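Okay, structure first, notes after.
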Amino acid sequence: MCETSPPRIGRLWLSLGTGLVTAVPVGFFMAPVAVLPAFLGLYFFLLFGLLIGALMYRAALPAAPVPRRRLYLIGGLTGGVLWTACLAGEYRYLPEGAFNVVRSNITMVLDPPRREEVRRRVAEHVRDQINEQYPPGGIVGYARWAIGKGTLSIPRVIDQTTLTYRLPGPGWRWPVRVLLSLVLTVGAILSQFLGLAAPRPGSDRPAELDHSTA
């Protein structure tokens, strides 16, 4: 079994911190593209997973070799944080998506105060529907709604009519896409990060990696 000295453990903490600090903003950034039709958004989970894994590998390189269980733990935690941030971002951006539907349906020019009023009232209506019809609301309610109907009735605000907002890929496609995004993210991170692993028993791989370029 590989022993890790305190300086090397510090490098692992640095690698984890690098992954988490990067994963949160990337997760929120991914939210609008995650819902692209035909699972096209999955490509970005793979791409950013590879980039984050490469950064984490570089930060932890002086700690190599590292036991695989630690690498799986750090990589899995980072991927899970990115995935959770993306789900939170999807829920957060839902009112904006509904507002865009309303805005595209209004042909008249709205002055800034009226425009902000429309955005606010649409957002309030969307949140209220999720909270009331899909308890306990929040991200859990959003997930229940996405797996279910995936549609919302939203007010046009400037008059008494309503419009329908449709989530791209609702029903069974939503949990499949969400699960695949988690698998791709964690897999991409680990594909880079596991290069730090201690050699398996009987392996011809050298016990230490060259740290001269770190």
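Predicted model only: the values in this text are computed from it and were never measured.
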Would you give the length of the straight line joining atom [atom1] of [X] to atom [atom2] of [Y], rounded to the nearest 0.5 angstrom?
X    : Y    : atom1 : atom2 : result
L77  : L20  : CG    : CG    : 5.5 Å
T151 : Q129 : OG1   : CD    : 8.5 Å
M56  : L12  : CE    : CG    : 9.5 Å
L82  : L182 : CG    : CG    : 9.5 Å
R70  : R8   : CZ    : CZ    : 11.0 Å

In short, ring pair (Phe, Tyr, Trp, His ring centres under 6.0 Å) pairs touching residues 17-51 with sequence neighbours left out are F29-F48
Check side chain to side chain contact (heavy atoms under 4.5 Å, CB included) between [X] and all other residues, then give those that pass, not counting sequence neighbours.
X    : answer
R114 : L110, D111, E117, V157, I158
L73  : none
A59  : L14, S15, T18

Residues which pass side-chain hydrogen bond (donor to acceptor under 3.5 Å, both in side chains) with [X], listed by chain and number, not counting sequence neighbours:
X    : value
D128 : none
R92  : none
T161 : D159
N131 : none

Sub-4.5 Å side-chain heavy-atom contact between [X] and [Y]:
X    : Y    : answer
W83  : M30  : no
Y93  : V35  : no
Y91  : I130 : yes
V102 : N105 : no
R103 : N100 : yes
L180 : V176 : yes
P135 : R144 : yes

Quick one: does any side-chain atom of H125 pair with a main-chain N or O of P95 as donor and acceptor, under 3.5 Å? no
Axial cation check for Y142 ring with R127, 6.0 Å and 45° limits | no
- side-chain contact (heavy atoms from CB on, under 4.5 Å) between V101 and V122, worked out: CA-CA 10 Å; V101 171; V122 168; over 6 Å; no
ILVMFWY cluster, [X] and [Y] together (side-chain gap under 4.5 Å):
X    : Y    : answer
L184 : L55  : no
L50  : L42  : no
W174 : L179 : no
I52  : L61  : yes
I74  : W13  : yes

Sorted by chain and residue number, the salt bridge (charged side-chain N to carboxylate O under 4.0 Å, His left out) partners of R120 (sequence neighbours excluded) come out as E124
Contacts of R177 meeting salt bridge (charged side-chain N to carboxylate O under 4.0 Å, His left out) (sequence neighbours excluded), chain-then-number -> E90
Of all heavy-atom pairs between [X] and [Y], which one has the smallest distance, and what is that distance?
X    : Y    : answer
I147 : P175 : CG1-CD, 4.0 Å
R58  : P62  : O-CD, 4.1 Å
A23  : V81  : CB-CG1, 4.3 Å

Applied to residues 162-172, the side-chain hydrogen bond (donor to acceptor under 3.5 Å, both in side chains) test, sequence neighbours excluded, yields none
Can you give each donor-acceptor pair under 3.5 Å made by side-chain atoms of residues 185-196, sequence neighbours left out, with the distance rounded to 0.1 Å?
{"residue": "T185", "atom": "OG1", "partner": "S181", "partner atom": "O", "Å": "2.7"}
{"residue": "S191", "atom": "OG", "partner": "A188", "partner atom": "O", "Å": "2.6"}

